[in-house]
Amino acid sequence: MTVSAGPVAVAQRLRDGMAGGVLSFPLTGFRDDGTLDPDGYRAYVAERLAAAPGAVFPACGTGEFFSLDEDEYRQVVTITVEEAAGRVPVVAGTGYGWAQAVRFARIAEDAGADALLVLPHYLVAAPQDGLVAQLEQITARTPLPLIAYQRGQVAFTADSLRRIAALPNVIGLKDGHSDLDRLQRLTLAAPEYFLFFNGASTAEIQARAYATVGVPAYSSAVHAFAPEIAGAFFTALRDDDHGTVDKLLRDFYVPLVELRDRVPGYAVSLVKAAARLRGHRVGPVRAPLTDPSPADLAALTALLTAGLDLVGASL
């Protein structure tokens with residue numbers, strides 16, 4: 001079994017990585033018959049890593065964690081760790097109820113992951129005490145550092161944030177609510193070492209707003225298929241090049257969000273379709289997600305071509 005670095009050391013590695021690049025959430029590759037394609041995934045994740053992300057998060061939402069069985073999960077995390085080879089932190093997804101989350105956590109630990117992103121629990125609404133207890137149960141059963149993900153039915157109060165930050169392994173929070181009032185309260189309640197990052201869908205749209213409340217780091221779905229665009233946006237944002245930021249938002253990101261919002265699940269299936277357009281062997285999405293319609297695929301092709309042209313790249 002691989003022994004994880006301590007939570008403080010992992011948090012610092014993540015902080016350093018977040019300052020230098022976007023957070024990459026790779027797609028999980030499937031064959032046309034829906035089975036896992038380990039070789040295709042290995043080639044794909046190697047290309048994501050070559051594009052210099054700040055960290056890589058396999059088997060999370062964009063990686064269709066919810067559709068993976070335990071053996072597939074093990075293969076995905078293991079391949080990612082092998083390809084990363086210590087160059088960047090590997091943060092694997094886990095989730096469902098705490099008992100299932102712990103099963104996946106132990107697999108990720110055995111595979112050599114550096115930390116875990118705890119995805120929102122399954123189905124039910126829960127009070128604040130229950131949200132805290134979910135993390136208490138997981139952290140008591142794995143030495144891996146945890147990053148909580150608030151989205152959907154999970155939304156922490158400032159008091160709950162203080163409680164989870166006091167747990168020995170909880171090092172950060174990914175926010176998918178985009179409630180900046182709430183997020184500002186959370187950042188002020190957190191200890192100095194605690195990590196925050198923007199996990200909104202198509203996070204670049206709100207990256208400047210998040211930065212104003214002290215959360216400049218973000219995950220990038222666009223990095224999964226067009227690291228040239230994601231990198232250009234990150235650099236422009238870091239350098240306060242507002243003209244370039246506005247142009248990329250206006251001519252690429254906003255139209256992408258409008259296309260994404262046409263159909264539930266397009267936040268993943270459009271990303272996967274775009275990766276296929278770039279020649280990546282990622283295959284289709286698994287049910288209950290659906291691949292884009294021919295009309296939407298044509299619109300995606302045109303938008304992706306235009307977006308790459310903005311940064312001097314091509315399809």
Under the rule for side-chain hydrogen bond (donor to acceptor under 3.5 Å, both in side chains), what residues qualify as partners of [X], not counting sequence neighbours?
| X | answer |
| --- | --- |
| Asp175 | Gln150, Tyr210 |
| Arg262 | Asp296 |
| Thr202 | Arg260 |

(request) Identify the heavy atoms of Gly54 and Leu23 that sit nearest to each other, and give their distance. (result) C-CD2, 4.4 Å
Ignoring hydrogens and geometry beyond distance, is a side-chain donor-acceptor pair present between [X] and [Y] at under 3.5 Å?
| X | Y | value |
| --- | --- | --- |
| Thr80 | Glu83 | no |
| Arg31 | Thr35 | yes |
| Thr157 | Asp159 | no |
| Tyr266 | Thr290 | no |

(request) Flag this pair as yes if the NZ/CZ of Lys174 is under 6.0 angstrom from the six-membered ring centre of Tyr149 and inside a 45 degree cone about the axis; otherwise no. (result) yes
(request) Would you mind reporting whether Leu36 and Val76 have side-chain heavy atoms less than 4.5 Å apart? (result) yes
(request) Say whether, by atom type as modelled, one donor and one acceptor occur between the side chain of Arg182 and the main chain of Asp179 under 3.5 angstrom. (result) no
(request) Look at Arg185 together with Asp181 and state whether they make a salt bridge at an N to O cut-off of under 4.0 Å. (result) yes
(request) With sequence neighbours excluded, give me every salt bridge (charged side-chain N to carboxylate O under 4.0 Å, His left out) pair touching residues 202-224. (result) Arg208-Asp246
(request) Would you list the pairs meeting side-chain hydrogen bond (donor to acceptor under 3.5 Å, both in side chains) in which at least one residue belongs to residues 297-315, sequence neighbours left out? (result) none
(request) State yes or no: are the ring centers of Phe197 and Tyr218 separated by less than 6.0 Å? (result) no
Side-chain donor/acceptor pairs under 3.5 Å, residues 61-68, sequence neighbours excluded:
residue : atom : partner : partner atom : Å
Glu64   : OE1  : Arg286  : N            : 2.9
Glu64   : OE2  : Lys272  : NZ           : 2.6
Ser67   : OG   : Glu64   : O            : 3.0

